[in-house]
Amino acid sequence: MTAEVLLRLTDVTKRFGGLVAVDDLTFEVQRGQIKAIIGPNGAGKTTAFNLITGVYALDEGEIEVAGKRASRLPSHEVASFGVARTFQNVQLFGNMSILENVMVGAHTRAKSGLLSASLRLPAMRSEEVALAERARECLRLVGLDKLAPEMPALSLAFGQQRLLEVARALAAEPLLVLLDEPAAGLSTAETARLGELVENIRELGVTVLLVDHDMDLVMQISDEVLVLDHGVKIAEGTPREVQRDPRVIAAYLGEEP
Amino acid sequence: MRVRSKRYHQLAAAAAAAAVLPLVLPSEYAIHLAVVIGINAIVALGLNLLMGYAGQVSLGQAAFVGIGAYASAILSVKAGLSPWIGLAAGAALGGLTAAVVGGPLLKLRGHYLAMGTLGFGMIVQIVMVQWEDLTEGTIGVMGIPPFSVAGLALDSELRMYYLVAASAVLAIALAGNVIDSRVGRAMRAVHGSEVAAATSGVDTARYKLQVFIMSGAMAGFAGSLHAHHAAYVHPDSFGFHYSIQLVVMVVLGGMASIWGAVFGAGAVTLIGEQLRSFQEFSTIIFGAVLVAVMVFMPAGLWRGSADLIGRLLGSRGAGGRRRA
């Protein structure tokens with residue numbers, strides 16, 4: 001693995017009123033890694049994701065993606081740098097089909113506009129065919145290719161909805177994908193398949209940063225784990241190192257270090 | 001792809017039906033109503049793109065119709081230009097106005113957007129009344145000439161009908177094409193989940209503005225058709241009452257349904273004709289219809305009644321018609 005930094009957060013701070021949700025957070029994700037952020041509820045994990053993807057504006061610090069400054073940019077520009085994500089509370093497009101949901105994920109991979117769409121120009125039509133093909137490929141990757149692609153997205157079972165979000169994120173052919181609690185609400189068997197899927201995603205050359213509470217999953221698939229507590233990084237290292245860290249144990253068991 | 005060819009078949013069937021419709025209509029008045037329905041359908045299609053698909057409410061859509069109508073009226077009566085130039089100008093000015101006011105307005109969400117567009121509609125109507133040098137104030141612009149094709153004036157209901165019907169079919173095709181495209185998916189994604197749309201790379205502000213401009217241009221186009229059909233324009237035609245009627249067309253027909261918008265335009269136009277004698281009370285009746293449809297048939301009359309018929313026939317599988 002080449003030690004090339006894909007994502008770098010430097011002294012990132014986010015406050016909500018008096019609450020410091022993310023406090024002076026600095027970390028890196030290397031290209032090709034699977035890295036996990038763990039921590040108790042309210043530790044600032046999802047906030048960190050929202051800062052990286054431009055959903056929230058940060059108060060202090062810098063975020064870089066592949067050497068380009070990504071902080072203080074709107075979400076769609078961060079996405080164009082090759083960052084895709086899923087959501088803890090599933091955010092599918094309920095008014096669209098399975099296939100169309102994934103095709104939106106490939107939005108940055110195409111460029112036809114209002115005029116070529118209105119007139120259905122040939123370039124736009126061939127682009128549509130390519131987008132649909134790309135979307136089917138992503139559905140195959142997450143194992144949703146047996147379903148009728150024109151079914152409404154919200155007709156899927158909950159676990160399948162999570163997988164559909166992963167397919168949508170992959171459709172962008174991202175450099176980095178952020179998975180926010182992908183295993184939440186999944187059965188043991190589904191979680192095991194998710195672990196394989198995440199490893200497959202890495203095989204495709206996509207770097208993965210994930211947040212999850214399922215320690216078995218996190219410790220098994222991650223190269224590195226970062227632990228947050230009250231917005232502060234309290235540990236970072238291999239799964240083995242982190243599990244032995246007294247501050248991590250204290251944070252999880254509620255003792256004062 | 002099957003969905004797409006089905007759409008073109010439906011369109012061809014609708015065009016054929018529209019072509020023979022005047023033969024079965026009983027009177028000149030019935031054809032007149034069909035023209036009004038066609039004009040309203042074009043506005044409702046545009047508003048449905050904005051509201052039903054992109055999820056952005058407009059309570060000021062009548063203003064764009066008025067802008068198109070006045071542009072066409074003033075250009076043809078005062079400047080003596082061809083009504084066809086007026087038609088192009090009406091659509092362009094509708095779109096341009098939407099582009100200018102859409103920037104600040106579309107930053108608002110939900111009820112605030114509704115209030116903002118409501119205020120915009122009122123301002124436009126006040127301008128129509130007060131800018132007397134241009135608009136003739138409360139008298140309105142009279143004596144607007146009809147369209148003419150190769151020397152043949154479209155001065156009868158039947159001739160005007162064919163222009164409007166062709167325009168409406170074109171608008172249906174256009175709306176369908178846009179929805180079923182990268183742009184259309186981006187617009188619908190904004191409605192489905194704005195945050196997921198943005199993190200998928202969709203510039204949400206840009207697509208909201210595009211759909212707003214498109215709805216404004218379609219309304220302006222329809223306004224011009226109205227001006228040359230009615231032969232006069234008056235500020236009262238483009239007020240809050242008409243804006244509400246347009247919203248009712250979209251909701252009644254079924255949000256995010258192209259044929260629903262056409263159906264809604266027909267239903268509301270015909271109901272409006274029946275309610276003429278009630279004058280101001282007709283707004284109350286429209287309001288009541290709107291509430292009743294929202295409560296009992298949230299998918300609109302079109303799909304709502306199809307589901308109801310399906311249930312009455314005992315075929316529970318009829319719920320399969322999700323997209324018209």
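The sequence lines fix the lettering, A, B, ..., with proteins before strands; numbering per chain opens at 1.
Only the side chain of M187(B) comes within less than 4.5 Å of a heavy atom of chain A; its backbone N, CA, C and O stay farther away. Contacts of V104(A) with chain B are made by both backbone and side-chain atoms, with heavy-atom separations under 4.5 Å. Looking at L131(A), the atoms closer than 4.5 Å to chain B (heavy atoms on both sides) all sit in the side chain, from C-beta outward. With a threshold of 4.5 angstrom between heavy atoms, S80(A) does not approach chain B through any atom at all.
Electrostatic pairing of R182(B) and E100(A) does not count as a salt bridge here, judged by no charged N lying under 4.0 Å from a carboxylate O.
You'll find the ring centres of Y207(B) and H76(A) outside the 6.0 Å limit.
Identified under the side-chain hydrogen bond (donor to acceptor under 3.5 Å, both in side chains) test for residues 92-113 of chain B, with sequence neighbours left out: R109(B)-E194(B).
Counting heavy-atom pairs closer than 4.5 Å to chain B, the top residue among G94(A), G113(A), G54(A), S75(A) is S75(A). Chosen from G105(A), A153(A), S118(A), the residue pairing most often with chain B at heavy-atom distances under 4.5 Å is S118(A). Per-residue heavy-atom pair counts under 4.5 Å with chain A were compared for G55(B), S181(B), A197(B), A196(B), and the maximum is reached by A196(B). Counting heavy-atom pairs closer than 4.5 Å to chain B, the top residue among K111(A), Q91(A), H107(A) is H107(A). Chosen from L174(B), T204(B), V195(B), the residue pairing most often with chain A at heavy-atom distances under 4.5 Å is V195(B). With chain A as partner, the option from V183(B), V190(B), D203(B) having the largest number of non-hydrogen pairs under 4.5 angstrom is D203(B).
Contact residues of residues 163-182 of chain A toward chain B are R168(A) (heavy-atom distance under 4.5 Å).
Of all non-hydrogen atoms in S200(B) and F93(A), the two that sit nearest each other are OG-CZ, 4.4 Å.
A heavy-atom distance below 4.5 Å is found between the side chains of E128(A) and R185(B). For the pair L114(A)/V178(B), a side-chain contact is recorded, criterion being any heavy-atom separation below 4.5 Å from C-beta on. Using a 4.5 Å cut-off on side-chain heavy atoms (C-beta onward), D180(B) and R120(A) make contact.
Put simply, the side chain of N95(A) gets close to the backbone of R188(B): a donor and an acceptor are under 3.5 Å apart.
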